[in-house]
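Notes to accompany the following structure.
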Protein chains: 2
Amino acid sequence: MNIRDIAKLAGVTHTTVSKILNNKGSISEETKKKVLAIIKKNNFYPSEAARRTSLGRGGEIAFVSSKYASPFISMVLEGVENSSYGTGKYEKMLSTYSTRGSSEIKDETFMKIASGRLADAVIVLALKPNEDAMKEFKKTGIPVILLESRMKGADSITVDNVSGAYDAVSYLAGSGRKHIAIIRGVTGNEEVGPVPHDREKGYKKAVTDAGLKADNNLLEEVIEYTFEEGREALDNLLARNKKTDSIFCAAGDMCALGVMQRAQELGIKIPQDISIIGFDDIPAASLVKPGLATVKQPVYELGKKAFEMAIDHAENRLLDTVNVVIKPELIIRASAG
Amino acid sequence: MNIRDIAKLAGVTHTTVSKILNNKGSISEETKKKVLAIIKKNNFYPSEAARRTSLGRGGEIAFVSSKYASPFISMVLEGVENSSYGTGKYEKMLSTYSTRGSSEIKDETFMKIASGRLADAVIVLALKPNEDAMKEFKKTGIPVILLESRMKGADSITVDNVSGAYDAVSYLAGSGRKHIAIIRGVTGNEEVGPVPHDREKGYKKAVTDAGLKADNNLLEEVIEYTFEEGREALDNLLARNKKTDSIFCAAGDMCALGVMQRAQELGIKIPQDISIIGFDDIPAASLVKPGLATVKQPVYELGKKAFEMAIDHAENRLLDTVNVVIKPELIIRASAG
DNA sequence: TTGTAGGCGTTATCAT
DNA sequence: ATGATAACGCCTACAA
């Protein structure tokens, strides 16, 4: 059943039906009503594929991340999703793509979206499209919105990691802590991005401003940001510096929760002996005892803003790139009491 | 840049290029190599839309759920995702759709997928497509795989909720508990599905088999399955029956965590005074103290199996519907000690 | 092995 | 207000 079948049933041509379907041109109320009735009766929906071929546009907004299953990612996605419906603009579908952590799949995905003209705008979370893909996006005029990363030629929305870290560490220092440790991800590598580095920068500034001095024995590096690594990190830190009285876990809450669990096993009191602040504000942070203080990423706002920018670009074809920086928020809970 | 431009550059016709792109017909190694080189050099990818129009198929697998941001949903999705790449079949993209809890958006989404021929198979999580949509899916031959729900004419994969509940409650009874309460979702309503009902059924059977008797004062109903509701549920239960010595929270772990937190506030010792078993095994369940015993939903397997069935159907056009039932697993942690 | 011609279901243009 | 015709970019019998 296609547009021509409907036309035949209504005694008009497919052109008329198409116009009605798209609210284009002028159609008499009468035929409009008649055709619409037939469309509804037959439960007819036009072929998305054909419509896209004809329009030369994909009609969807693509969301690309390294995987689906992460509280962080799905929160961002929820922000995108909500604003996509909130604005009443849900004629544009939201399609999600995951690169499964493989750089090969990543390249493939971007090229497919760009060259295959699948989407009208692409929102990318914590990933960098390669050069070829960016060229292609530019050529096809598909706007790219980078979340948590930055490239020239693309819009970006990033979290101010320096300031988030600074606030957290300043709070620890302000409550009298003298030996503030930091646990962070690997730095210096192009692949991992600037996040760990920025957080360390904020940490160092806060430590210095508080009149303390950064000490390499107070630095611990993790790779996967896991709960398990958090447990090990605490052991390592204590082995190197027994005076450690507080920890800023820039590697995220999951890792911080590992630290907490290990501390409790060792009979270390939180926050009396060691106070802890994490990063992200994952749901579990508020469920554990004591509650985990943390730097809350404005994930929801991130997604919301991204969608708005995507729509703006897709519709107005604005060509100037925008770089938005959002400030994260320090949330104090008992672990940093 | 389209298939004809590539052809021109290579000195062949677009037909040849198409054949090469799709590995169809016989092409000399030489021209193949030449054309492929030009394709790569120009970073050419065929238009997905046109290809779909032409083929009359969507070329993607659709995943529809009520929202994205839930640990449960994203775990299922991860299962789907992993097997989609694991089988090396990632030429088929995975597109996700969310209905935002709105039945209107739900209907719209399904009709768009079905009638717009967007997908070659649809995986639906805990949602029921309406009659019209099912008819359309049948007509277009798009297989539907229902997860956690069941309809005639569609494949389904469900969790054996009765047995999961039975195991949990039997464990509580086996450890000497005499007043076992249940917290479950609303039942009897078509919209909410059979899950709460099935879990209560398992609960009742276990209670009876243990020589105890079910008592309405030991039943508490929640609506949203939230942490907050769990807190209230405990208060309500204790108000009605002070002897409550254990709780099976069929309404999920999040709710069970609420119960635990409230219990700790009230100075009730877990598991000594009251032991608790939840349902789902969300990540936080193993992070809290004491660890939350729970019935682990085989979410990952659910997703995996769903994808496999989707592919089987999409490729072999099998028409017999299959109903798979997966048994959940009881995970004992300290809260049920 | 390669090319010609027609079809997929839309939308867009330009008459009528 | 409506319709005839072409265009979108791809796929694929079938003919060469």
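Within every chain, numbering begins at 1; the chains are lettered A, B, ... in the order of the sequence lines, protein sequences first and strands thereafter. Here the structure is a predicted model, which is why all the values come from computation and not from measurement. Just so it is clear, the values below take in all heavy atoms, side chains as well, and ignore hydrogens, waters and symmetry mates.
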Residue that, paired with B:Ile20, satisfies side-chain contact (heavy atoms from CB on, under 4.5 Å) out of B:Thr15, B:Ile6, B:Val12, B:Val35
B:Val35
Can you tell me how far P of D:dA1 sits from CD1 of A:Ile20, to the nearest Å?
12 Å
Separation of atom CZ in B:Arg57 from atom P in C:dC8, rounded to whole Å
16 Å
Give one of base, sugar-phosphate or nothing for B:Thr16, where a contact means two heavy atoms less than 4.0 Å apart.
sugar-phosphate
Starting from P on C:dT1, measure out to NZ on B:Lys34 and report it in whole angstrom.
15 Å
Do we see a donor-acceptor contact under 3.5 Å between the side chains of B:Arg100 and B:Ser66?
no
Using OP1 and OP2 only, check whether a side-chain N or O of A:Thr31 sits under 4.0 Å from D:dA1.
no
Distance-only side-chain donor-acceptor flag, A:Ser95 / A:Glu60, under 3.5 Å
yes
Considering only heavy atoms from C-beta outward, does the side chain of B:Thr158 approach that of B:Ile326 to under 4.5 Å?
no
Would you say the side chains of A:Ser28 and A:Thr31 form a donor-acceptor pair under 3.5 Å?
yes
Taking the side chain as C-beta and beyond, is there a heavy-atom pair between B:Tyr300 and B:Asn82 under 4.5 Å?
yes
Euclidean distance, atom CD1 of residue B:Ile27 to atom C1' of D:dC11 [Å, nearest integer]:
14 Å
If I take atom NZ in residue A:Lys32 and atom P in nucleotide D:dA1, what distance separates them, rounded to the nearest angstrom?
10 Å
Nearest heavy atom decides the nucleotide; on that basis, is B:Thr13 or A:Lys24 closer to the 5' end of DNA chain C?
B:Thr13
Can you tell me if the side-chain N/O atoms of A:Ser28 get under 4.0 Å from OP1 or OP2 in D:dT2?
yes
Atom pairs under 3.5 Å, N or O on each side, protein against nucleotides 6-10 of chain D: can you list them with distances?
| unit_1 | atom_1 | unit_2 | atom_2 | d |
| --- | --- | --- | --- | --- |
| D:dC10 | OP1 | B:Ser47 | N | 3.2 |
| D:dC10 | OP2 | B:Ile3 | N | 2.6 |
| D:dC10 | O2 | B:Ser54 | OG | 3.4 |

